[in-house]
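Predicted, not measured: the structure shown is a model, and the values here were computed from it.
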Amino acid sequence: MSTPSGASVAPAPFPRPLALALMCGLATLFAANHVAARVAFDAGAGLLLAIVLRSGVAALALAALVVFQRKSWRLPAGSGRWQLAVGLLVAVQSLCLYSAVARIPVVVALLLMNTLPIQLALLSWALGGPRPTARATLVMGVILIGLVVVLDVPTWLADPGAMGPDWFAGVAFGLAAATAFSCALWITEHRLAGVGSTLRSLLTMLTVLVAMVIAGGLGLVPGGMAPPQSLPGWTGLGFLALCYALAFSVLFITVPRLDMARNAPAMNMEPVAALVLGYLVLGQALTPVQLVGGGIVLAGILFLGLSKRA
């Protein structure tokens, strides 16, 4: 059957092995961004400076995509305030996640961020969405047990100082990052469905950029715009911006051919990549018990991601 003149044709999806390999590669780039951020923070770089560089480079890449794809720059009527809310929530998420990365092992921060499916499911239910099924509730409970293990909660309760002075704050920031992002995703799904994904992401990055510049100018985060004190710190800043922008851009260019409905759980490779890179670059290592807990969390998240499409 011939295609009607002027009709758009959806690009053919990549072969599944290629799509999965590409998504695992993108997840590794996102993990590398966080490991590079920790290198920069350890060298004295400010949190706001890191986010400004990351969001600025990503915004340039997304703006180029909007121009190249000849997308409309106009927002549907009534969506402006919701787009602003999403941008501010992502700004909070970015600041909280980097605050966690600066305090606790990168892989632990990302595992906390991966409580996102649980928080989003509960938020959707609270706001009138479907109630989680019994199976999903059971899996969520297993994920929480895994988090208790990976966070070594019994040790922390017995001796709060044993995990380090920044452990509790880092965990709190990691959970807060997931909460902020779950709110942003809910708004995106229910209030911004009519906005193109590339334009929405560009406006989000621009909002994050402006918010961080304002916060830095007002001194809201002490040392937030401090430059690194060593060459490795500057190298970390460069790599975090490059890895994030490259992963973000490639994801948006290739997403029509990735068959996300089937392959999205492959992005859960990020904590695994962070575990390996965190050990190789930062010397961060989890205990065998924490590794078991991390495996439980990842298995539960994968199951949730796959079961939605079963």
Quick one: CZ on Phe239 to CG on Leu29, what's the gap to the nearest 0.5 Å?
-> 11.0 Å
Look up atom CG in Leu122 and atom CH2 in Trp125, then write down how far apart they are to the nearest 0.5 Å.
-> 7.5 Å
Less than 3.5 Å apart, which donor and acceptor atoms pair up between the side chains of residues 202-226 and the rest of the protein, not counting sequence neighbours?
residue, atom, partner, partner atom, Å
Thr204, OG1, Gln83, NE2, 3.0
Thr204, OG1, Arg200, O, 2.8
Thr207, OG1, Leu203, O, 2.8

Grab the two heavy atoms, one from Pro132 and one from Ala136, that are nearest each other, plus how far apart they are.
-> CB-CB, 4.5 Å
Rounded to the nearest 0.5 Å, what's the gap from CZ on Arg74 to CG on Leu199? Could you check?
-> 12.0 Å
Linking I/L/V/M/F/W/Y whenever any side-chain heavy atoms sit under 4.5 Å apart, do Leu240 and Trp234 land together?
-> yes
Might you point out which heavy atoms bring Leu97 and Ala109 nearest each other, and give the distance in Å?
-> CD1-O, 4.1 Å
Would you confirm whether Gln119, through its side chain, and Pro117, through its main-chain N or O, come within 3.5 Å as a donor-acceptor pair?
-> no
How far apart are the closest heavy atoms of Pro228 and Leu237, and which atoms are they?
-> CG-CD1, 3.4 Å
Does the side chain to side chain contact (heavy atoms under 4.5 Å, CB included) test come out yes or no for Val108 and Trp167, once each step is laid out?
-> CA-CA 10 Å; Val108 176; Trp167 185 259; 4.2 Å; yes
If you look at every heavy atom in Ala184 and Val86, which pair is closest and at what distance?
-> O-CG2, 3.8 Å
Does Leu192 belong to the same Ile/Leu/Val/Met/Phe/Trp/Tyr cluster as Leu75, with side-chain heavy atoms less than 4.5 Å apart forming each link?
-> yes
Scan the side chains in residues 289-297 for donor-acceptor partners under 3.5 Å anywhere in the protein, sequence neighbours excluded, and list what turns up.
residue, atom, partner, partner atom, Å
Gln290, OE1, Thr287, N, 3.1
Gln290, OE1, Thr287, OG1, 3.4
Gln290, NE2, Val150, O, 2.8

When clusters are formed by joining ILVMFWY residues with side-chain heavy atoms under 4.5 Å apart, either directly or through shared neighbours, do Leu120 and Leu89 land in the same one?
-> yes
CG-CD1 distance between Leu84 and Ile187, expressed to the nearest 0.5 angstrom | 10.0 Å
Look only at the side chain of Ser182 and the backbone of Thr179, and say whether a donor-acceptor pair between them is shorter than 3.5 Å.
-> yes
With hydrophobic residues grouped by side-chain heavy-atom distances under 4.5 Å, do Val57 and Phe68 end up in a single group?
-> no
How long is the span from the CE atom in Met113 to the CG atom in Leu110, to the nearest 0.5 Å?
-> 9.0 Å
Joint cluster assignment, Leu298 & Ile143, ILVMFWY side-chain distance < 4.5 Å = yes
Looking only at heavy atoms, which two atoms of Pro76 and Val195 are closest? And how far apart?
-> CD-CG2, 3.7 Å
pair Val67-Trp73: side-chain heavy atoms closer than 4.5 Å = yes
Would you mind reporting whether Val106 and Leu277 have side-chain heavy atoms less than 4.5 Å apart?
-> no
Distance-only check: which donor-acceptor pairs under 3.5 Å involve side-chain atoms of residues 30-54, not counting sequence neighbours?
residue, atom, partner, partner atom, Å
Asn33, OD1, Tyr98, OH, 2.7
Asn33, ND2, Phe30, O, 3.4
His34, ND1, Phe30, O, 2.9
His34, ND1, Glu270, OE2, 3.4
Arg38, NE, Asp42, OD1, 3.0
Arg38, NE, Asp42, OD2, 3.4
Arg38, NH1, Val101, O, 2.8
Arg38, NH1, Ile104, O, 3.0
Arg54, NH2, Ser94, OG, 2.8

Do Arg81 and Arg191 come close enough that some side-chain heavy atom pair is under 4.5 Å?
-> no
If you count the non-hydrogen atoms of other residues, nucleotides and ligands that lie under 6.0 Å from CZ in Phe14, is the total more than 12?
-> yes
Between Leu112 and Thr115, which heavy-atom pair has the shortest distance, and what is it?
-> O-OG1, 2.7 Å
